[in-house]
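Have a look at the structure below, then the notes.
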There are 2 protein chains.
Amino acid sequence: MKPKLTLKHIAKELDVSISTVSKALRDSKEIGEDTRQKIKAFAKLYNYKPNNIALSLKNRKSKTIGIIIPEIVHHFFTTVISGVEKVANELGYNVLVCLSGNSFDKEVLNMEMLANGSTDGFIMSLAKETMQKQDYHHLEEAINQGMPLVLFDRVVDEIACDKVIIDDVIGAKKAVQHLIKIGCKKIALISTVDYVIVGKLRTQGYKKALEENGLSIDEELILKIEEIEDSEKKIGNFLKGKDVDGVFAVNEHFAISAIKALQENGKKVPGDVSVIGFTDGELSKRFIPSLTTVSQHGERMGEEAARMLIEKLERDVEEIENYKTIIVETELVVRNSTKHY
Amino acid sequence: MKPKLTLKHIAKELDVSISTVSKALRDSKEIGEDTRQKIKAFAKLYNYKPNNIALSLKNRKSKTIGIIIPEIVHHFFTTVISGVEKVANELGYNVLVCLSGNSFDKEVLNMEMLANGSTDGFIMSLAKETMQKQDYHHLEEAINQGMPLVLFDRVVDEIACDKVIIDDVIGAKKAVQHLIKIGCKKIALISTVDYVIVGKLRTQGYKKALEENGLSIDEELILKIEEIEDSEKKIGNFLKGKDVDGVFAVNEHFAISAIKALQENGKKVPGDVSVIGFTDGELSKRFIPSLTTVSQHGERMGEEAARMLIEKLERDVEEIENYKTIIVETELVVRNSTKHY
DNA sequence: TTGTAAGCGTTATCAG
DNA sequence: CTGATAACGCTTACAA
């Protein structure tokens, strides 16, 4: 086991000073052509690579981005990470991933961990618990310490920072409008409780679509689900014997549970009822019938978030705060769970 | 924006030396009770947290683990990450995630990046390209530099290091045996090409099960797929008009494509044909019929990998090399794509 | 009991 | 053109 080569080793070996080696390797023209060549040749030969940690300490920046998300066994989040990774790598950054597991405490802990030099900035989607508590002091602290933060998907108005979201309202509206266009009149909504911001927004979109098309809003046709665990049962009960011809669900899972429930009640999808989901994962693509869905372009979101963050990181000038919110457009992907017209 | 508090600041503020502060905070009994209290109180008040980078440089260890995997939008890999994250966090480590995108070059680059101090060791599943090229010099280099490496899932015999794998052969055998037990006689195999080690092993298990049960191996019933893209078509063609009563597929996707193909050919699953997949993802659980599958326990694999790696990292004594291979047992999860008996 | 100094690996400034 | 020195933030012999 050979220890890592350092400038010091090279200097000793070549009988020059450390700073000469450093300069030579960075092509400083202070150094004479011949010594420079000699040093570079040696470094190449023994495959010298500067130590990132030392550089981080010196430059006071780690060139790494911290991502904190609620969970990773989750298609949408992985697409976002994938996007972040891509542009981060292109721009010479590494990606440190931490999971909050939807716990407020763990989110805070992770953030504190990473804020002590490990990371130059954060890309986050907030834990459910955090949104319930509405306690964002950890985010504020990071920002106060000069660590840029980009929030995506689960964002909050209370924090002034860059954000990447999708047009949830519009996306939901598009979905419901599609249902209306293909002839649905009694459209149910399966959403999450309101403190999950995206559930709230998608509910707004649902209502807007109905209103704009002269359909009345029937609260009886709206189900709000708290826990994912018993969602299948809840959806089953909710749909049992209900007279609907369209269902809009705010995620894949609910959509599929809806389809199952409908089929168990002897209804055909899309024959009798058309169903639309949200988020375009494996399930949507491969389920039978394949799901018509509002696709979120997670990878694009990740790319945008990374780009914004790195931009902030690289302009050292402390400019006037100027926060952007990028809205990544959703796209209605029509497949087989909705009637064609 | 207040800059991060350092020992230096505290020292100046309290008019003591830096080392006094350092010692006091680490509860050295060299320091007098009163000064210690004073310093600790101050530190708490202003929320002092030591700088990780400085610690890393000093201790020559980063307390972070590098994970390099082919892709992240992939259920199995995310479960593994999840497991790694869990034990890493418990033991005070961070997790740096890099994606190779199945490219050899990117795998090498990522590894070199992280090897320069960012990471104390690696947990990896190799890129497909790497396995094809059989070029493992980057792995050897890391090991030579004293960076522990744990390989999982896509491992290679050529490299001496800790490994976490599943009992692919046994798992596949179990699956096929189950098919035999419920009465299948003509069992097809849908696998990957052989350089994907798991495909090879699962094929072995398939053959073993047949042999041990006195069934002959019919190469006509074996399909090996190179690219995931056109797998659906390939499987469709393969199964068309084929007289089978059981299908064993080496992943969820192939299994589902098989079911679709069978249904399109007017066969019922599991009525006419029983189908078993591998890997227990969302698809398997929620598809209709839900998939009987060989579950891999990715999370457990991640936990084991992290534990092994950290164990190596924490015992500084350069012991005699002693590599373990942990085999995480698979489990046959019986659901509705196979006949009950 | 407290402080000084060296060192982790690097770069930047300033002398020589 | 080259080298010594200080600094990034922290720990730890060793001095005082």
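Quick note on labels: first sequence line is chain A, next is B, and so on, each numbered from 1. As a basis for the values below, the full set of heavy atoms in this structure was taken, side chains included, without hydrogen atoms, waters or symmetry mates.
In this structure, the nucleotide among D/dC10, C/dT11, D/dG3 sitting nearest to the side chain of A/Glu30 is D/dG3.
Projected onto DNA chain D by closest heavy-atom contact, B/Ala54 and B/Lys23 fall at different nucleotides, the more 5' of which corresponds to B/Ala54. With DNA chain C read from its 5' end, the first of the two nearest nucleotides for B/Leu57 and B/Gly32 is the one closest to B/Gly32.
Considering only side-chain N and O atoms, A/Arg26 lies nowhere under 4.0 angstrom from the phosphate OP1 or OP2 of C/dT10. Using a 4.0 Å cut-off, no side-chain N or O of B/Tyr48 falls inside it from OP1 or OP2 of D/dG9. For A/Arg60 and D/dG9, the shortest distance from a side-chain N or O to OP1 or OP2 is below 4.0 Å. For B/Thr20 and C/dT2, the shortest distance from a side-chain N or O to OP1 or OP2 is not below 4.0 Å. In this structure, B/Ser22 reaches the D/dT11 phosphate: one of its side-chain N or O atoms is under 4.0 Å from OP1 or OP2.
Within the 4.5 Å cutoff, side-chain heavy atoms of B/Asn89 are placed close to those of A/Lys106. Counting only heavy atoms from C-beta outward, the side chains of A/Phe152 and A/Val328 never approach each other to under 4.5 Å. A 4.5 Å side-chain heavy-atom check between B/Asn47 and B/Leu5 finds every atom pair outside the cut-off.
Among the atoms of the strands shown, only primed sugar atoms or phosphate atoms (P, OP1, OP2) are found under 4.0 Å from some heavy atom of A/Thr35.
Atom CD1 in B/Ile53 sits about 14 Å away from atom P in C/dT10, given to the nearest Å. One can place CG of A/Leu14 at 14 Å from C1' of D/dT2, the figure rounded to the nearest angstrom. Between the NZ atom of B/Lys29 and the P atom of C/dT2 there is a distance of 15 Å, given to the nearest Å. If you take NZ of A/Lys63 and P of C/dT10, they are 17 Å apart, rounded to a whole angstrom. Rounded to an integer number of Å, the gap from A/Gln37 CD to D/dC1 P is 13 Å. With rounding to whole Å, B/Lys58 atom NZ is found 16 Å from D/dC8 atom P. Taking atom CG of A/Asn51 as the reference point, atom P of C/dT11 lies 10 Å away to the nearest angstrom. With rounding to whole Å, A/Ile18 atom CD1 is found 11 Å from C/dG7 atom P.
Side-chain N/O atoms of A/Lys8 and base N/O atoms of C/dG7 include no donor-acceptor pair closer than 3.5 Å. A donor-acceptor contact under 3.5 angstrom links the side-chain atoms of A/Ser19 to the base of D/dA4.
Scanning both residues, A/Ile39 and A/Ala24, for their nearest heavy atoms gives CD1-CB, 3.6 Å. Shown here for A/Gly302 and A/Val84, the closest heavy-atom pair between the two residues is O-CG2, 3.4 Å.
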